[in-house]
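Some notes on the structure that comes next.
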Protein chains: 2
Amino acid sequence: MKSQGNAVRSAQMAPITVDEIAERIWLSIAERRLRPGMRLKEAELAEIFGVSRARIRQVLTALERDGLVKTEANKGAIVAEPSAEEARDIFHIRREVEQRVLARLIGHLDAEKLLDLFAHVAKERAANAANDQREIIKLSGGFHLMLAEMAGADFLWGMMRDLVSRTSLITAAFRDSDKYNCGPDEHEELLMHLKNGDLQKAQHAMVHHLEHVENELKLSGNPELARSLKDALL
Amino acid sequence: MKSQGNAVRSAQMAPITVDEIAERIWLSIAERRLRPGMRLKEAELAEIFGVSRARIRQVLTALERDGLVKTEANKGAIVAEPSAEEARDIFHIRREVEQRVLARLIGHLDAEKLLDLFAHVAKERAANAANDQREIIKLSGGFHLMLAEMAGADFLWGMMRDLVSRTSLITAAFRDSDKYNCGPDEHEELLMHLKNGDLQKAQHAMVHHLEHVENELKLSGNPELARSLKDALL
DNA sequence: AGAAGCGTTATTGTCGACAATAATGTCGAC
DNA sequence: GTCGACATTATTGTCGACAATAACGCTTCT
């Protein structure tokens, strides 16, 4: 079929932004619709999203910064293929960063922010009830990002965006079950400790939460199981 | 004066790469020739380096990723203005990442790599003796990056590149003396522990080293001293 | 039949020109 | 004289076209 309208997005509507495209791709990776090793051709993406290649190039640069894709000079971009070792590094560093976020947050945390956080967890719960995978993924990452944002620490926020992205990829690559496991219960428990102003317990809950997520992955044994075409075919 | 040759780099020589331009700017920032808050106009940079604006745009994107510049939509890029709090966050995270690097490195470290590391420190010593600031800066960061690279951990290496860049900026912004202080002695001490295969001592030396660097900065008291015009005039 | 060299095609990299936006300066009204 | 609206300028954002490079298939020789 050679098309009648060549782009998915029709003509005169407001063009999609770089961030929106990046999020769409991120979600596709997290949902395992885009698998590690898959090729991301610029022209193809440009057509799909109805934008110029220059836009797509910015998207790919951003995705590479967040560890979701890997680009090689003159060879284009593929969905990144994290190793189990790398996954452990990421979780290790993430635990440290998240603890720092909490330490910085506990200072300037007011009633309003706490309410927003609880409201966010409520949304997570709703998404879980509705079994809306895409929303679950977005909100799970969003919770951790929200903490970093409220902490008012730009550097840590940037780190967290990176780490959340990479965690999404890792989860997509190494979980075996289909249920996404950054559940609202542990988030809420964390919030209770924050509400009480107990940094130590909050940090402990955070570490436990992240270890829980990590332990549900099959990072043991085989370093990386067949995901790309070449791996699948030997 | 309206010029006779409009670019600094003459015509038919091989064009400078994005990475080279980024390094030049990084060094200028680390040497305090470019101060925090200074505006980086694309056209200006394009002229200086004799490349197109598209190239410069890539450079600025990379520099932003490493925390050296901050860009605002439709308003261009300026040299980043780190706060003292941010500086402390960065050192805190850097200590954790560096320890992880060492833990990963200690496994596959052979005689050849160790020799390369000692050779690198020797170069640092030579640069210090010659008082070559630019070389000192490059080699100091390079040592830490070298450790990450030898550890074979891509993720940690990316983190370290980011952290080293940001540390350079912080050092430029907050040190009062002119002598650069990531000295070869402490690097060599670290190597001795690595040579002995003593991870604990190596990590301890690393933490001590980084704390030493941090403590030589004036991060106390005033959150950030006047650097931009608006700060200077209140 | 297999492999190496070559031409073709597909894909990424680069650039210059134009559009959109924000900053600046100017004029006029009160 | 000062404030506000408007025109002008400077700067960034976007795009389409072209160049460079790498992947692929084909032919040919052994």
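Here is the naming used below: chain letters follow the sequence lines, and residue numbers restart at 1 for every chain.
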Inset, instruction - Measure the shortest side-chain to side-chain distance between A:Lys113 and A:Met146 over non-hydrogen atoms and say whether it is less than 4.5 angstrom. - result: no

Taking the side chain as C-beta and beyond, is there a heavy-atom pair between A:Arg94 and A:Val164 under 4.5 Å?
yes

Overall bend of the helix from C:dA1-D:dT30 to C:dC30-D:dG1 (five pairs an end, 10° steps) is 10°

Does the pair B:Glu81/B:Lys70 count as a salt bridge with the N-to-O cut at 4.0 Å? no

Tested for side chain to side chain contact (heavy atoms under 4.5 Å, CB included) against A:Val59, the lone hit among A:Val69, A:Val18, A:Leu45 is A:Val18

Only residue of B:Ile106, B:Leu156, B:Leu145 satisfying side chain to side chain contact (heavy atoms under 4.5 Å, CB included) with B:Val101 is B:Leu156

Subject >> Residues B:Arg104, A:Glu85: salt bridge by 4.0 Å N-O rule >> reply: yes

Assign A:Arg57 to base, sugar-phosphate, or nothing according to its heavy-atom contacts below 4.0 angstrom with the strands shown.
base

Per-nt protein contacts along nucleotides 5-10 of chain D (heavy atom under 4.0 Å; B base, S backbone sugar-phosphate only, - none) come out as ------

Taking NZ, NE, NH1 and NH2 as the nitrogens, is one of them in A:Glu96 or B:Arg100 under 4.0 Å from a carboxylate oxygen of the other? no

Would you say A:Lys123's side chain and A:Glu135's backbone share a donor-acceptor pair under 3.5 angstrom? no

Contact span of DNA chain C against chain A, any nucleotide atom under 4.0 Å from a heavy atom, 5' to 3', runs C:dT11 to C:dT14

Paired with A:Leu40, the side chain to side chain contact (heavy atoms under 4.5 Å, CB included) test is passed by just one of A:Ile78, A:Val79, A:Thr71, namely A:Val79

Assign each of A:Asn74 and A:Arg53 the nucleotide of DNA chain D bearing its closest heavy atom; nearer the 5' end lies the nucleotide of A:Arg53

Exercise for the section: Would you mind classifying the nucleic acid contact of B:Gln58 as base, sugar-phosphate or nothing, using non-hydrogen atoms under 4.0 angstrom? Expected result: sugar-phosphate

Check: Is a salt bridge present between A:Arg57 and A:Glu42, judged by a nitrogen-to-oxygen distance below 4.0 Å?
Finding: yes

